[in-house]
Amino acid sequence: MSVQTAADPGTRSERAPGPTPPKQRKPSLRQRIWRERWAYTFIVPGALFFLVFAYVPMLGNVVAFQEYTPFRGIEGSPWVGFANFAAITADPEVLMALRNTLVIAVLQLVFAFPAPIALALLLNSLLSERVKRMVQTVVYLPYFLSWVIVISVWQQVLGGGGMVANLLADFGMPGFDAMTNADSFKLLVVAQVIWKDCGWGTIIFFAAIASIPNDRYEAAAIDGASGWQRTWHITLPALVPVATLLLILNIGSILTVGFEQLLLQQPMVGAEAAEVLDTFVYFRGVLGGQWGIATAAGLLKGVIGTILVLSANKIAKRLGGEGIY
Amino acid sequence: MASLAQQRRAGAPWLSPPSPGIRAVKAVVIALIVITMLYPLVYVIAMSFAAPSQARAGVVFPTEFSLDAYRAIFNGGTVTQGLQNSLFITVVGTVLSLAATSMLAWGLARTRQVPGAKAVLIMVLATMFFSAGIIPNFMLIKYLGLLDSTWSLIIPGLISAFNMIVIRNFFQGLPEELIEAARIDGAGEWRIFLQIVLPLSKPVLAVTGLFYAVGYWNTYFNALLYLNDAEKWPIQVVLQQYVLAGVQIPGATLPGDAPPPPGVTLQMAVIVLATVPILVVYPFLQRYFTSGVLTGAIKG
């Protein structure tokens with residue numbers, strides 16, 4: 001396996017290409033810009049792209065403070081201050097969406113987050129390299145399938161009239177349909193996430209396992225540590241920094257749970273079980289025409305998410321971890 | 001990657017193989033995982049070829065086969081149109097994305113020398129941590145007049161910050177002497193980029209290209225949001241309509257008086273057709289996963 005990675009990009013950019021003149025008078029800013037004028041032909045189009053498609057839309061969030069209608073536009077729509085935010089806090093549907101979002105997010109933290117760690121440890125403990133490769137090939141695959149495909153496939157297997165339903169009907173238990181059962185829906189969502197992404201999630205842990213020096217295992221083995229003890233005291237601690245990093249990212253996105261995944265299934269199980277904040281924004285705003293309220297909900301969600309990720313990062317650093325930046 | 005298995009083979013006698021009991025448990029767990037992952041896909045593929053009688057009866061696995069579902073689908077109509085649309089979006093989008101991303105990556109590869117490059121880099125990286133939200137994005141696309149245009153599925157996602165960093169990392173690892181020599185020989189920056197940098201970067205362009213391609217092929221929500229015209233729908237939206245929302249597939253009939261294939265096999269066939277391109281590129285993709293190209297960039 002070739003390791004082409006810039007192991008430490010930070011230091012690499014310091015040692016940049018191009019001669020660094022020793023002890024010359026530093027060229028002025030204008031001279032430096034002129035000397036690198038060609039570089040800007042590479043940078044400017046991309047910078048403009050991000051400006052237009054990532055930063056300009058941020059301005060669109062002002063409609064959260066308007067009674068916006070597409071017909072009147074931003075200029076013509078009346079300003080309403082924080083009325084939309086007040087409306088959100090009083091809206092039972094928002095509360096329902098928030099509760100669903102948090103429940104699913106917590107379930108994912110409990111079940112979907114540790115799953116790749118367990119799978120990576122299991123695969124790493126395999127003796128046969130060939131079996132390991134084969135299993136990896138299988139478990140990585142679903143990550144590349146779209147949610148539409150994944151849900152369609154699950155529907156054909158676990159839905160009403162699906163394979164399991166047919167099988168159970170043959171044994172005299174008709175009416176099985178896991179896809180429309182509102183009570184178990186949140187667990188179904190987590191199971192789908194594990195099915196789709198767990199294999200892919202192991203890659204980063206494999207990278208961490210590969211970086212553990214051999215002599216640690218050797219020394220532990222000589223001291224009489226069993227296989228379990230070596231896993232517990234050497235492998236697992238080596239995964240902690242990566243796991244912390246991923247946990248931070250997960251906490252930061254706690255208000256964002258599988259948007260497409262839920263959007264696709266909501267018609268089947270109903271809003272009561274499947275409405276989350278993002279689907280609320282879509283249904284209320286784009287389809288329902290209450291643009292101001294929907295945007296306000298989206299904005300609030302975005303701001304809280306950013307605060308969460310920043311605080312999680314700070315806490316991780318305080319606990320001696322690395323943090324993302 | 002020196003796994004435990006390799007260490008064992010490399011003669012690390014201190015790693016003794018586990019007891020037979022533990023090995024048996026592991027084998028069962030692994031087998032269950034593989035079956036859970038593969039069986040649904042195998043089942044869908046098999047059922048798309050199932051003979052009408054078996055598909056209607058609902059079997060656990062078909063034993064009689066028929067190509068009717070595919071014949072009906074390729075008879076013309078929405079599904080073929082959707083596949084064509086997706087193919088266009090994927091090919092054109094991937095080419096444009098690679099061009100735009102590698103250009104920006106090369107421009108930002110020398111943040112020390114180029115004044116302002118660092119600021120642009122930070123501006124790009126920041127986009128990985130926030131998004132303007134569904135409605136502001138929708139408003140922008142509407143304002144730009146891209147609603148109901150196939151380009152609305154390509155242009156807004158032209159450059160991914162993550163892929164840009166992956167390519168930039170690779171560029172920064174290229175031998176400086178080579179580029180410096182070309183510069184001294186009087187080659188312009190664009191010539192250096194096109195004739196030296198890009199040819200040397202085929203591996204990273206291949207992997208980011210494949211990831212872009214998968215992303216474009218899987219485009220669903222943006223199409224749902226931006227395209228009203230069913231003629232322009234990519235296959236994912238078609239799939240959602242006919243499999244999940246249960247709309248009848250128009251035009252999926254067999255020539256002559258033959259009865260149309262059962263809805264179930266048609267649905268299965270649409271799922272298979274939407275999945276096949278991913279299965280085709282998957283072996284190529286897989287070669288690159290573990291090669292550090294990606295993992296090295298996660299903490300750029």
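Below, read A as the first sequence line, B as the second, and so on, with proteins coming before strands; counting in each chain starts at 1.
Interface check for chain A: of the options B:Val120, B:Ile159, B:Thr127, the most heavy-atom pairs under 4.5 Å are formed by B:Ile159. Residue with the most contacts toward chain A among B:Val214, B:Thr101, B:Leu144: B:Val214 (heavy-atom pairs, distance under 4.5 Å). When each of B:Ile278, B:Val281, B:Ile141 is scored by its heavy-atom pairs under 4.5 Å with chain A, the top score falls to B:Ile278. Interface remark: of the candidates A:Cys198, A:Ser146, A:Gly199, A:Gly60, A:Ser146 forms the most heavy-atom pairs closer than 4.5 Å to chain B. Here A:Asn166 is the residue among A:Asp278, A:Leu29, A:Asn166 with the most heavy-atom pairs under 4.5 Å with chain B. Each of A:Tyr40, A:Trp291, A:Tyr55 has some count of heavy-atom pairs under 4.5 Å with chain B, and the biggest count is that of A:Tyr55. Of the residues considered (A:Leu145, A:Val286, A:Leu167), A:Leu145 shows the highest number of contacts with chain B, using heavy-atom pairs under 4.5 Å. Among the candidates B:Leu41, B:Ile33, B:Val29, the residue making the largest number of heavy-atom pairs closer than 4.5 Å to chain A is B:Leu41. In terms of heavy-atom pairs under 4.5 angstrom with chain A, the leader among B:Pro175, B:Pro136, B:Gly107 is B:Pro136.
Checked by atom type and distance alone, the side chain of B:Tyr282 pairs as donor or acceptor with a backbone atom of A:Thr137 at under 3.5 Å. With hydrogens and angles ignored, the 3.5 Å screen pairs no side-chain donor or acceptor of B:Tyr220 with any backbone N or O of A:Leu264. Judged by distance alone, with hydrogens and angles left aside, the side-chain atoms of B:Asn218 form a donor-acceptor pair with the main-chain N or O of A:Phe144 at under 3.5 Å. Side-chain atoms of A:Glu260 come within 3.5 Å of backbone atoms of B:Phe221 as a donor-acceptor pair (strictly under, hydrogens ignored).
With a threshold of 4.5 angstrom between heavy atoms, B:Met139 approaches chain A through side-chain atoms but not through N, CA, C or O. Residue contact with chain B, scored on non-hydrogen atoms closer than 4.5 Å, is absent for A:Leu59. If you measure heavy-atom distances from A:Leu51 to chain B, the contacts under 4.5 Å come from both the backbone and the side chain. Residue contact with chain B, scored on non-hydrogen atoms closer than 4.5 Å, involves the side chain of A:Phe49 exclusively. Neither the backbone nor the side chain of B:Tyr143 comes within contact range of chain A; no heavy atoms are under 4.5 Å apart. Neither the backbone nor the side chain of B:Ala100 comes within contact range of chain A, judged by heavy atoms closer than 4.5 Å. Heavy atoms of A:Leu123 lying under 4.5 Å from chain B belong exclusively to its side chain. With a 4.5 Å cut-off on non-hydrogen atoms, B:Ile134 touches chain A through its side chain but not through its backbone. Of the two parts of B:Val44, only the side chain, counted from C-beta on, holds a non-hydrogen atom closer than 4.5 Å to a non-hydrogen atom of chain A. Contact annotation for A:Thr41: both backbone and side-chain heavy atoms come within less than 4.5 Å of a heavy atom of chain B. A:Val44 does not touch chain B: none of its heavy atoms, backbone or side chain, sits under 4.5 Å away. Contacts between A:Met179 and chain B at a heavy-atom distance below 4.5 Å are absent for every atom of the residue. Looking at A:Leu263, the atoms closer than 4.5 Å to chain B (heavy atoms on both sides) all sit in the side chain, from C-beta outward. Contact of A:Pro45 with chain B is made through the side chain alone, with heavy-atom distances under 4.5 Å. Interface residue B:Val34: backbone and side-chain heavy atoms are both found under 4.5 Å from chain A. Heavy-atom distances place the side chain of A:Val56, and not its backbone, under 4.5 Å from chain B.
Distance CE/B:Met47 to CD/A:Gln156: 8.0 Å, rounded to 0.5 Å. Rounding to the nearest 0.5 angstrom, the gap separating the CD1 atom in A:Ile151 from the CD1 atom in B:Ile271 is 11.0 Å. Interatomic distance, CD1 of A:Ile149 versus CD of B:Gln240, reported as 13.0 Å (0.5 Å rounding). Taking CG of B:Leu108 as the start and CD1 of A:Ile43 as the end, the distance is 5.0 Å to the nearest 0.5 Å.
Shortest non-hydrogen contact noted between A:Ala39 and B:Arg110 is CB-NH2, 4.1 Å. Counting all heavy atoms, side chain and backbone alike, A:Val52 lies closest to B:Leu140 at O-CD2, 3.4 Å. A:Ala47 approaches B:Met123 most closely through the heavy-atom pair O-CE, 3.3 Å. Of all heavy-atom pairs between B:Ile135 and A:Ala294, the closest is CD1-CB, 3.3 Å. Residue B:Lys142 comes nearest to A:Pro70 through the heavy atom pair NZ-CB, 3.8 Å, listed as atom of the first residue, atom of the second, then distance. Shortest non-hydrogen contact noted between A:Gln155 and B:Leu244 is CB-CD2, 4.2 Å.
In terms of the side chain to side chain contact (heavy atoms under 4.5 Å, CB included) criterion, A:Ala219 has no residue partners (sequence neighbours excluded). A:Phe42 meets the side chain to side chain contact (heavy atoms under 4.5 Å, CB included) test with B:Met103, B:Trp106, B:Glu189, B:Trp190, B:Phe193; sequence neighbours excluded.
Residues A:Tyr282 and B:Leu224 form a side-chain contact, since some pair of their non-hydrogen atoms from C-beta on lies under 4.5 Å apart. Here the side chains of B:Ile155 and A:Phe53 are in contact, with some heavy-atom distance below 4.5 Å. Using a 4.5 Å heavy-atom threshold, the side chains of A:Pro142 and B:Met37 count as touching.
For A:Arg37, the CZ atom is densely surrounded, since the number of other residues' heavy atoms within 6.0 Å is greater than 12. Heavy atoms of other residues, nucleotides or ligands lying less than 6.0 angstrom from CZ of B:Arg191 number 12 at most.
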